[in-house]
Amino acid sequence: MAVDVKVPSLGESITEAIVLEWLVKPGDYVEADQDLVALETDKVTMNVPSPSAGVVAELVEAQGSEVAVGAIIARIDASASKPAAGAGAAAAATPAKTEAAPAEKSAGLTAPSDAAAKVPAGSEPAMMPAVRKLLAESGLDAAAIAGSGKDGRILKEDVLRAVADAKSGAAPKTAAAPAAAKAAPSARSSAPAGERERVVPMSRLRSRIAENLVSAQQNAALLTTFNEVDMTAVMALRKRYQDGFVAKHGIKLGFTSFFAKAVVEALEAFPAVNAEVRGDTIVYKNYYDIGVAVGGGRGLVVPVVRDADRLGFAEFEKALADLAERARDNKLAIEDLQGGTFTISNGGVYGSLLSTPIVNPPQSAILGLHKIEERPIALNGQVVIRPMMYTALTYDHRIIDGREAVGFLVRIKELVEDPERLLLGV
């Protein structure tokens, strides 16, 4: 019984996606809910799970194809049973009779065993249909191009580079001698000869992020104010209660939850920072959905922790950990990324000492956290060494005055430097 794998609903206003990467190949046995393919839209990358256990009978759409919501992209033979242990080794002993030809597999198609056997191994490097078309238009020989993709797959940029080399008269980098090319580095660059530039198409997600960031710069009056926070008290509090916190809640107590609680308190004190410009009006929001920038499987995303003002430290940490895990596994839904009222971005986890974060529209402000570094400071007339963190607030000056922005950041500083105030609400 064949079960169709369809493109799921991708969220409001999104009608199509790109097949970013197949995670299985024809003939693979998959369990129900096992990830089959990564789809990319202009807002999120998500994995599509198998609707049934069985054997992958066909990959209908090739990697790189544009697919509409509801389109069939694969078929699963749900009547096929899981192969017995050792069957894989036997199949591997006769690959020509069971595997599709490289070119057919790259197109996401299966082929009868006798047809596969007629294609000599290595007769043509693997490539996507779009790459094959570009190669035909350029008149180049695929055998003369070294693929930089996985398992030697020829990518679009490989063909474009070969075309550029042909026009300039440079010797193309051939598949027959990749080692030789790597052995002759340029005198002016550590890059292999002939690879001074690499052309890579911008992904939809990256393109959308770029559009949003440029839009934020063009449509808002952005300004950044800075302060610094002495992390001594928070670090001591974490150290004192970390073991008990983990034992009770099953999760570590991080710095972000302290700043999140402080942000909520500061937003309540300065409501303009939690507002947005909507046409000719200002919308003040009486709820606190805090976006937290996390590193996803395909790049930086900002999932939203809902109603952060109602969450305790443990609840916030669990919610954030769940979102971060789903971001790494490409399992975030569009709804997880929408509706935030304020964003926290922690560049410190990557070693950033200071930055000017860009507002995530339609929000009006974003808090940037940075690396904790021991520095000498003046305290009570004495020079002492303390663990310090620079904080940055970028805000839309159209609705947030400098006084409010500075007051907001000072409030966060006060609460984090004296974390007991977070618990007492003073």
Side-chain angles (χ1 to χ4, degrees), residues 212-213 215-217 219-227 229 255-294 300-313 315-317 319-320 323 334-347 355-370 389 391-417 419 421-426:
N212 286 342
L213 295 180
S215 175
Q217 295 278 42
N219 298 322
L222 299 184
L223 185 64
T224 304
T225 186
F226 304 93
N227 213 314
V229 177
F255 292 122
T256 304
S257 55
F258 284 94
F259 279 98
K261 296 294 287 185
V263 160
V264 170
E265 294 281 343
L267 290 175
E268 290 177 345
F270 299 92
V273 184
N274 203 46
E276 73 172 71
V277 175
R278 192 178 296 171
D280 295 329
T281 64
I282 300 175
V283 180
Y284 293 91
K285 300 174 182 178
N286 298 320
Y287 59 95
Y288 307 93
D289 290 350
I290 307 300
V292 182
V294 298
L300 195 69
V301 292
V302 188
V304 178
V305 179
R306 308 290 175 185
D307 297 318
D309 55 315
R310 302 179 183 179
L311 304 180
F313 283 86
E315 293 170 314
F316 187 91
E317 292 288 354
L320 181 58
L323 290 170
I334 295 296
E335 294 74 18
D336 295 321
L337 305 173
Q338 295 178 331
T341 63
F342 185 88
T343 294
I344 299 174
S345 178
N346 187 359
S355 69
T356 55
I358 300 177
V359 168
N360 185 21
Q363 298 170 25
S364 298
I366 180 173
L367 175 67
L369 307 181
H370 301 90
M389 176 196 287
T391 57
L393 180 75
T394 299
Y395 59 98
D396 189 345
H397 211 346
R398 292 179 300 170
I399 62 171
I400 303 172
D401 294 331
R403 178 187 62 83
E404 293 173 302
V406 172
F408 178 90
L409 211 49
V410 168
R411 180 62 175 161
I412 289 177
K413 172 183 172 69
E414 293 172 345
L415 292 169
V416 175
E417 289 187 341
R421 299 177 69 169
L422 289 172
L423 304 177
L424 298 176
V426 297

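Side chains are part of it too, since the values below use all heavy atoms of this structure and drop only hydrogens, waters and symmetry mates.
- Residues Glu276 and Ile282 are not in side-chain contact: their nearest non-hydrogen atoms beyond the backbone lie 4.5 Å or more apart.
- Side chain of Lys261 to main chain of Leu311: a donor-acceptor pair is present (N/O by atom type, distance under 3.5 Å, no hydrogens or angles).
- Side-chain polar atoms of Thr356 and Thr224 form no donor-acceptor pair below 3.5 angstrom.
- In this structure, Thr343 contributes its side chain and Asn360 its backbone to no donor-acceptor pair below 3.5 Å.
- The OG1 atom of Thr225 sits 10.0 Å away from the NE2 atom of His397 when rounded to the nearest 0.5 Å.
- In this structure, a donor-acceptor pair under 3.5 Å is present between the side chains of Ser257 and Glu317.
- Closest approach of Ala319 and Val305 over heavy atoms only: CB-CG1, 4.1 Å.
- When all heavy atoms are compared, the tightest approach of Gly340 to Lys285 is O-NZ, 4.4 Å.
- The line from OG1 of Thr394 to CG of Leu222 is 7.0 Å long, rounded to the nearest 0.5 Å.
- The closest side-chain heavy-atom distance from Ile290 to Leu267 is below 4.5 Å.
- A side-chain donor-acceptor contact under 3.5 Å links Ser364 to the backbone of Ala275.
- Contact between Ala260 and Phe316 at its shortest, heavy atoms only, is CB-CZ, 3.4 Å.
- Under a 3.5 Å cut-off, the side chain of Glu404 and the backbone N or O of Asp401 do form a donor-acceptor pair.
- With rounding to the nearest 0.5 Å, the separation of CG in Asp309 from OH in Tyr288 is 6.5 Å.
- Across all non-hydrogen atoms, the minimal contact from Gly402 to Tyr395 is CA-OH, 3.7 Å.
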Q: Please lay out, stage by stage, how Leu323 and Asp336 fare under the test side chain to side chain contact (heavy atoms under 4.5 Å, CB included).
A: CA-CA 8 Å; Leu323 290 170; Asp336 295 321; 4.3 Å; yes
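- The main-chain N or O of Gly312 is found under 3.5 Å from a side-chain atom of Glu315 such that the two form a donor-acceptor pair.
- For Thr391 and His370, the side-chain atoms include no donor-acceptor pair closer than 3.5 Å.
- Rounded to the nearest 0.5 angstrom, Arg403 CZ and Phe270 CZ are separated by 7.0 Å.
- Separation of atoms CD (Gln363) and CD1 (Ile366) is listed at 7.5 Å; rounding is to 0.5 Å.
- Val264 and Ala308 make their closest contact through CG2-CB, 4.1 Å (heavy atoms, listed as atom of the first residue, atom of the second, distance).
- If you check the side chains of Asn274 and Thr341, you find a donor sitting under 3.5 Å from an acceptor.
- Contact of the Phe259 side chain with the Met389 side chain is registered, since non-hydrogen atoms from C-beta on lie closer than 4.5 Å.
- Looking at heavy atoms from C-beta onward, Leu369 lies out of side-chain contact with Phe255 at the 4.5 angstrom threshold.
- When all heavy atoms of Phe226 and Ser355 are compared, the closest pair comes out as CE2-O, 3.5 Å.
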Q: Just do the side chain to side chain contact (heavy atoms under 4.5 Å, CB included) check on Val294 and Val301 with the steps written out, would you?
A: CA-CA 6 Å; Val294 298; Val301 292; 3.9 Å; yes
Q: Assess whether side chain to side chain contact (heavy atoms under 4.5 Å, CB included) is satisfied between Val304 and Gln338, documenting all intermediate values.
A: CA-CA 7 Å; Val304 178; Gln338 295 178 331; over 6 Å; no
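- Ring orientation note: the planes of Phe408 and Phe342 are tilted relative to one another, at an angle of 30° to 60°.
- In this structure, Arg398 pairs ionically with Asp396, as a charged nitrogen and a carboxylate oxygen lie closer than 4.0 Å.
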Q: Could you walk me through whether Leu393 and Ile412 pass the side chain to side chain contact (heavy atoms under 4.5 Å, CB included) test, one step at a time?
A: CA-CA 11 Å; Leu393 180 75; Ile412 289 177; over 6 Å; no
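- In this structure, Leu320 and Thr256 have side chains that are in contact, with non-hydrogen atoms separated by less than 4.5 Å.
- Rounding to the nearest 0.5 angstrom, the gap separating the CZ atom in Arg306 from the CD atom in Glu335 is 8.5 Å.
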